[in-house]
Asker: 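This is the structure I want to talk about, given as structure tokens.
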Number of protein chains: 2
Amino acid sequence: MASVDHNSDDSGSGRTAGRRRDATATRDAILHSAVVSFTRAGYDGVGVREIAQGAGVTAMLVNRYFGSKEQLFAEAVDVSFAPRTVVTGDAGTLSRDIALSLAARTAPESDHLNPFLLMLRSASNPRAAEIMRAATERHVGQDLRELLPGADAAERAELILALITGVWMMRRVIGTAALADADPGSLTRRIEAMLRVLVESAGNAEDRADI
Amino acid sequence: MASVDHNSDDSGSGRTAGRRRDATATRDAILHSAVVSFTRAGYDGVGVREIAQGAGVTAMLVNRYFGSKEQLFAEAVDVSFAPRTVVTGDAGTLSRDIALSLAARTAPESDHLNPFLLMLRSASNPRAAEIMRAATERHVGQDLRELLPGADAAERAELILALITGVWMMRRVIGTAALADADPGSLTRRIEAMLRVLVESAGNAEDRADI
DNA sequence: GTCTATATAATGATAGAC
DNA sequence: GTCTATCATTATATAGAC
């Protein structure tokens with residue numbers, strides 16, 4: 001969101017008491033509501049009426065400003081994927097940084113608005129999947145790739161994304177017991193060890209084949 | 001499928017020319033069609049009419065035999081999750097067996113009917129997610145857990161499932177480029193190395209923290 | 001700039017005939 | 001045991017008033 005101007009608070013639950021007739025504010029409110037709704041229920045699990053209600057407007061304005069639900073989704077994915085959620089910048093501490101952040105954010109009590117949740121809950125729709133494929137390679141995939149030293153950076157970066165995605169899936173979307181109740185320290189150490197296999201395996205994959 | 005009897009071939013594309021009025025055959029045909037459809041499009045992505053058409057019957061019979069779409073889904077999940085897809089039985093070769101099987105089945109040309117695909121594409125629906133959580137812990141989760149030596153077997157088993165799920169997600173459902181085009185040998189070795197961290201980390205997770 | 005009202009299509013589930 | 005016909009609901013998207 002950000003920018004533009006305004007006095008009233010629109011970012012929370014719409015703009016019930018806010019000033020009316022402001023195109024950019026209405027557009028931002030719809031987009032923010034879309035990110036929240038798509039993350040919670042996925043592309044097919046939420047209707048434009050619900051998104052509009054979350055922004056304090058009627059469903060008609062969603063298509064007015066974004067053309068279609070699919071185009072709104074594409075913009076919402078871009079907003080959700082834009083901030084680098086786990087990558088902190090240092091290749092040396094990358095494995096630990098990702099593991100710590102992942103264990104904390106997938107904890108049952110956390111309700112962080114996360115791009116991986118959006119991805120998992122929208123993956124069943126083929127068009128949504130294609131939109132997310134493009135966004136993934138454009139945002140976090142590229143960031144990770146450039147951070148990894150050695151050969152096969154793209155393959156290793158996407159395996160990192162696969163592990164992160166899988167942990168989000170089993171721990172938070174499916175919610176299996178052992179992961180949901182796992183000790184944060186133990187979980188962090190195990191994820192970190194798995195990530196190190198990818199981060200440190202410069203050049204030849206066989207270097208790590210006989211650990 | 002299996003069992004019962006019959007001469008006509010019902011398993012393929014319904015029973016257009018098959019003998020009519022056989023309750024168990026019709027039920028099996030619907031169930032098989034449901035597994036195929038739910039795996040391809042997910043719980044919300046397919047309607048009961050489509051499932052019925054795949055079995056060569058009308059939509060009404062789906063509710064007649066299974067009560068509701070949700071109950072049909074629960075039985076389809078059980079059928080899909082029942083055969084142990086990756087676990088071969090030997091703890092010593094477990095990492096390599098899973099890695100080989102996973103790399104082969106997630107290859108772009110493969111169109112194997114897989115429980116992880118069913119899971120990923122149905123995860124957006126909360127009721128479907130709960131059904132799959134129960135089935136996961138009942139089937140493959142338990143099999144894996146009993147195969148792992150040492151402490152924290154349940155947590156390590158579910159992390160194995162998380163890695164498998166994530167690879168299915170990024171390579172086949174989202175379809176990112178580097179994983180889709182990855183060399184099978186390189187991919188297998190990297191997945192195997194990550195799995196060994198979990199399979200061999202008996203007792204203390206810190207054993208593997210400084211590879 | 002935003003609304004009400006509606007067009008059109010699809011959904012899961014059910015009633016009752018044969 | 002299986003069908004046709006239909007109910008009630010919901011979905012995205014659009015037309016036209018103010």
Asker: If I take atom CD1 in residue I51(B) and atom P in nucleotide dA13(C), what distance separates them, rounded to the nearest angstrom?
Answerer: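 Going from I51(B) (CD1) to dA13(C) (P), I get 11 Å.
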Asker: Output the single nucleotide from dG12(C), dG1(D), dC3(D) whose closest atom is nearest the side chain of A23(B).
Answerer: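 It is dG1(D).
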Asker: Using only heavy-atom distances, determine whether the side chains of S124(B) and R121(A) contain a donor-acceptor pair under 3.5 Å.
Answerer: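 There is no such pair (donor and acceptor under 3.5 Å, judged by atom type) between the side chains of S124(B) and R121(A).
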Asker: If the condition is side chain to side chain donor-acceptor pair (under 3.5 Å), which residues does T176(A) pass it with, not counting sequence neighbours?
Answerer: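 With neighbours one apart ignored, the set is E158(B).
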Asker: Return the value, rounded to whole Å, for the distance between atom CD of Q53(B) and atom C1' of dC3(D).
Answerer: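 These atoms are roughly 16 Å apart.
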Asker: Rounded to the nearest angstrom, tell me the gap between atom CG in D44(A) and atom P in dT11(C).
Answerer: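 D44(A) atom CG is separated from dT11(C) atom P by 12 Å.
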Asker: State the CZ-OG1 distance between R96(B) and T188(B), to the nearest 0.5 angstrom.
Answerer: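 That separation rounds to 6.5 Å.
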Asker: Within the pair T58(B) and dT2(D), is there a side-chain N or O less than 4.0 Å away from OP1 or OP2?
Answerer: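 No.
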Asker: Hydrogens and angles aside, do S37(B) and E50(B) bring a side-chain donor and acceptor to less than 3.5 Å of each other?
Answerer: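 No, because no side-chain N or O of S37(B) sits under 3.5 Å from a partner of the opposite role on E50(B).
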Asker: So, does R40(B) use its side chain to make a donor-acceptor pair with the main chain of L117(B) at under 3.5 Å?
Answerer: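 Here the side-chain-to-backbone pair does not exist.
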Asker: What would the secondary structure line of DNA chain D be in dot-bracket form, counting Watson-Crick and G-U wobble pairs under 3.5 Å, with [ ] for pairs that cross earlier ones and | for pairs with another strand?
Answerer: ||||||||||.|||||||
Asker: Could you check if a side-chain atom of R190(B) sits within less than 4.5 angstrom of a side-chain atom of M194(B), using non-hydrogen atoms only?
Answerer: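 Counting from C-beta outward, R190(B) and M194(B) never come under 4.5 Å.
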Asker: Between dT2(C), dC3(D), dA13(C), which one does the side chain of L61(B) approach most closely?
Answerer: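 Selected nucleotide (nearest to the side chain): dC3(D).
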Asker: Without decimals, in angstroms, what is the distance between R127(B) CZ and dG12(C) P?
Answerer: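 These atoms are roughly 13 Å apart.
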Asker: Just checking, is any N or O donor in the side chain of D28(B) or T26(B) under 3.5 Å from an acceptor N or O on the other one?
Answerer: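 T26(B) and D28(B) do not have a side-chain donor-acceptor pair below 3.5 Å.
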Asker: To the nearest angstrom, how far is R27(A) atom CZ from dT2(C) atom P?
Answerer: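 That distance rounds to 13 Å.
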Asker: Choosing from dA13(C), dT4(D), dG16(D), which nucleotide comes nearest the side chain of M60(B)?
Answerer: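 Selected nucleotide: dT4(D).
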Asker: Distance to the ring centre below 6.0 angstrom and angle to the axis at most 45 degrees; does that hold for K69(A) and F38(A)?
Answerer: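 Pair K69(A)/F38(A) does not count as cation-pi.
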Asker: To the nearest Å, give me how far apart CG (N125(B)) and P (dT10(D)) are.
Answerer: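 Computing the N125(B):CG to dT10(D):P distance gives 16 Å.
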Asker: dG1(D) C1' sits how many Å from I30(B) CD1, rounded?
Answerer: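 Distance check: I30(B) CD1 to dG1(D) C1' gives 11 Å.
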Asker: Do D22(A) and T24(A) have a side chain donor and acceptor closer than 3.5 Å?
Answerer: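 A pair is found: one side chain offers a donor N or O, the other an acceptor, under 3.5 Å apart.
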Asker: Between T26(A) and dG1(C), does any side-chain N or O lie under 4.0 Å from OP1 or OP2?
Answerer: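 Result: no.
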Asker: Going by heavy atoms closer than 4.0 Å, what residues in residues 64-76 of chain B are next to DNA chain C?
Answerer: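 By residue number: S68(B), K69(B).
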Asker: Once you round it to whole Å, what is the distance between P of dA15(C) and CG of N63(B)?
Answerer: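 In whole Å, dA15(C) P and N63(B) CG are 12 Å from each other.
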